[in-house]
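In what follows, a single structure is set out as structure tokens and then discussed.
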Amino acid sequence: MAEIMANEKVKLAVAKANLETFSETVQALAAQDRDVLVVTSDSRGSGKLVPFGQKFPEQIVEIGIAEQNLVGVAAGLASMGKKTFAVSPACFLTARSLEQIKNDVCYSDNAVNLVGISAGVSYGALGTTHHSLHDFAVLRAINNVTIIVPADNFETEEAIKAAAAMDSPVYLRFGKKNMPASICSPDDLTRNNFTVGKGRTVRDGEDLTFLATGEAVWPAYEAAEKLAIEQNIQAKVVSLHTIKPLDSELIKEIASNGSPIITVEEHSVYGGLGEAVASLLMQGGYHNKFKIVGLPDDHTVSGSQNEIFDYYGISEKGLAQTALDILN
């Protein structure tokens, strides 16, 4: 009975897709500032931007399916002082347009907000061509870009407002499925704090730590709840919503007690959050038990996002088992 009640409490937190919160927040910003512009690559539907276009037809630019032009136009607008959000599927935005991101945005220091939608394995059955499991890796290697991956509706709203106020390039990454309003206990609103570059601890624990990002934070939180109920294991869960720059101070503080660390991401195990954390810890002289959970070097299986998560262990059950394995 206790397990059922706990699970129900967790489920009640689920609200709406982060992309919907993104759309609502950008609309609110555009209503206050005519310099807020959205540039899309035939993606206003999938980006939940139809209402934006209806309300602010003079503040949206449709480029069509031409992602390189999308980034180039967004960079030009930003160079003229516009607060620009360039919205396109993450798999295309960070592959086809990588040269434009590197040169027109980052090297030229144009404050474009690059918004990768339907990220990770959100496109599910469309397969590897439409999965973006490389974006952290390639963008981490480019100077002058902040990488933000919100976990829930709260982080999404705060991230968009923060990005709009920044005067440097930002990459924001969103999936498609419904996410919690806030990943934390409903009676613990003290966890509703957001600062770019600082991790957000959404659950306390001393036995081990899940360092997760984006939509992978939710299954990590569920796994921690499962471990507490079934095994009396208390796991800390941290939303590392900012991949670059990493919250090195928090990560080192967590590692200092010597307990195991598991990183969780909807990205390749190469070049993403896990390897960034591993590098930080190894160079800092820490020797905690450590595991990276993500997508392996493989042709990704097809299926829904949830099915793919289950297959690769990015799930409540899979992460709970990973925790048990690393503790033994």
Below 4.0 angstrom, N of the basic side chain to O of the carboxylate: do D247 and K252 qualify?
no

Pair E157 + K161: basic N to acidic O under 4.0 Å
yes

When clusters are formed by joining ILVMFWY residues with side-chain heavy atoms under 4.5 Å apart, either directly or through shared neighbours, do V293 and V301 land in the same one?
yes

Would you say the ring centers of Y123 and H131 fall short of 6.0 Å from each other?
no

N232 atom CG, neighbour heavy-atom count above 12 within 6.0 Å
no

With no hydrogens and no angle check, do the side chains of E206 and S259 hold a donor and an acceptor under 3.5 Å apart?
no

Between E62 and T40, does the side-chain hydrogen bond (donor to acceptor under 3.5 Å, both in side chains) criterion hold? Intermediate values first, please.
CA-CA 5 Å; E62 179 58 69; T40 76; 2.7 Å; yes

Just wondering, do R200 and C184 contact through their side chains at under 4.5 Å, heavy atoms?
yes

With a 4.0 Å cut-off on N to O distance, would you call K83 and D35 a salt bridge?
no

Is a side-chain donor or acceptor of N18 paired with a backbone partner of F174 at a separation under 3.5 angstrom?
no

Main-chain N/O of A255 paired with N288 side-chain donor or acceptor, under 3.5 Å:
yes

S43 (side chain) donor-acceptor with V87 (main chain) under 3.5 angstrom:
yes

Is the backbone N or O of A90 less than 3.5 Å from a side-chain atom of S132, with the two atoms forming a donor-acceptor pair by type?
no

Can you confirm whether or not the ring centre of Y270 sits under 6.0 Å from the ring centre of H134?
no

Separation between CG (N306) and CD (E215), nearest 0.5 Å, reads 9.5 Å

Within one Ile-Leu-Val-Met-Phe-Trp-Tyr cluster: I160 and L77, side-chain cutoff 4.5 Å
no

Between L114 and I101, is any pair of side-chain heavy atoms under 4.5 Å apart?
yes

Salt bridge check, K16 against E20: does any charged N sit closer than 4.0 Å to a carboxylate O?
no

Full working for side-chain contact (heavy atoms from CB on, under 4.5 Å) between H267 and L273
CA-CA 8 Å; H267 184 274; L273 171 66; over 6 Å; no

For E99, does the CD atom sit with more than 12 other heavy atoms under 6.0 Å from it, leaving out its own atoms?
no

Quick check: does any side chain N or O of S315 sit under 3.5 Å from a backbone N or O of G318, one acting as donor and the other as acceptor?
yes

When every non-hydrogen atom of A111 is compared with those of M166, the smallest separation belongs to CB-O, 4.1 Å

Does any non-hydrogen side-chain atom of Q305 lie less than 4.5 Å from one of E266?
yes

Could you tell me if the side chain of F22 sits less than 4.5 Å from the side chain of L172, heavy atoms only?
no

State yes or no: do W218 and F194 share one hydrophobic cluster built from I, L, V, M, F, W and Y residues joined by side-chain heavy-atom distances below 4.5 Å, directly or via other members?
no

Can you find a heavy atom in the side chain of Y171 that is under 4.5 Å from one in the side chain of L93?
yes

Closest non-hydrogen atom pair, V50 against G45:
CG2-CA, 4.1 Å

Residue pair H130, T300: steps toward the side-chain contact (heavy atoms from CB on, under 4.5 Å) verdict:
CA-CA 11 Å; H130 282 63; T300 314; over 6 Å; no

Straight-line distance of E249 CD to L280 CG, nearest 0.5 Å:
11.5 Å

Between R203 and T209, do the side chains contain an N or O donor and an N or O acceptor separated by less than 3.5 Å?
no

Stacked cation flag R140 on F136, 6.0 angstrom / 45 deg
no

Does either side chain, that of D204 or that of Q234, offer a donor lying less than 3.5 Å from an acceptor on the other one?
no

Side-chain donor/acceptor of D104 to backbone N/O of V71, under 3.5 Å
no

Nearest-0.5 Å distance, CG of residue L208 to NZ of residue K289:
11.0 Å

Between S122 and G175, the two heavy atoms sitting closest are OG-CA, 3.3 Å

Please walk me through it: do T263 and F290 pass side-chain contact (heavy atoms from CB on, under 4.5 Å)?
CA-CA 8 Å; T263 63; F290 187 83; 3.7 Å; yes

Student check: side-chain heavy atoms of K236 and I254 closer than 4.5 Å
yes

Kindly compute the distance separating CG (N103) from CG (N110), expressed to the nearest 0.5 Å.
11.5 Å

Can you confirm whether V238 sits close enough to L250 that some side-chain heavy atom of one is under 4.5 Å from a side-chain heavy atom of the other?
yes

Check the pair E275 / I292 against side-chain contact (heavy atoms from CB on, under 4.5 Å), numbers first and verdict last.
CA-CA 8 Å; E275 289 201 341; I292 298 174; 4.1 Å; yes

T94 side chain near L139 side chain, heavy-atom distance below 4.5 Å:
yes

Does L126 share a hydrophobic cluster with Y312, counting links as ILVMFWY side-chain heavy atoms below 4.5 Å and allowing steps through other members?
no

Let me confirm one number: the CG-CG distance from L324 to L319, rounded to the nearest 0.5 Å.
11.0 Å

For atom OH of Y311, decide whether the heavy atoms of other residues, nucleotides or ligands shown that lie under 6.0 angstrom number more than 12.
no

CE (M282) with more than 12 external heavy atoms under 6.0 Å:
no

Hydrophobic clustering (ILVMFWY, side-chain heavy atoms < 4.5 Å, transitive) - are L211 and V202 grouped together?
no

Look at the side chain of S304 and the backbone N and O of E307, then say whether any donor-acceptor pair between them is shorter than 3.5 Å.
yes

Looking at every heavy atom in both A159 and I148, which two are closest together, and how far apart are they?
CB-CG2, 3.9 Å

State, without any angle test, whether D109 and N144 hold a side-chain donor-acceptor pair at a distance under 3.5 Å.
yes

E58/R34 ion pair, N-O < 4.0 Å:
yes

Residue pair T156 / T21, side-chain donor-acceptor N/O under 3.5 Å
no

Main chain of I142, side chain of K244: is a donor-acceptor contact present, judged purely on distance under 3.5 Å?
yes

Sub-3.5 Å donor-acceptor pair from the side chain of N113 to the main-chain atoms of V170, do we have one?
no

Treating K48 as the side-chain partner and L19 as the backbone partner, does any N or O pair qualify as donor plus acceptor under 3.5 Å?
no

Roughly how far, to the nearest 0.5 Å, is the CZ atom of F92 from the CG atom of L98?
15.0 Å

Could you pull out the closest heavy-atom pair between P180 and D152, with the gap in Å?
O-CB, 3.1 Å

Shortest non-hydrogen pair, N153 vs A15, comes out as OD1-CB, 3.2 Å

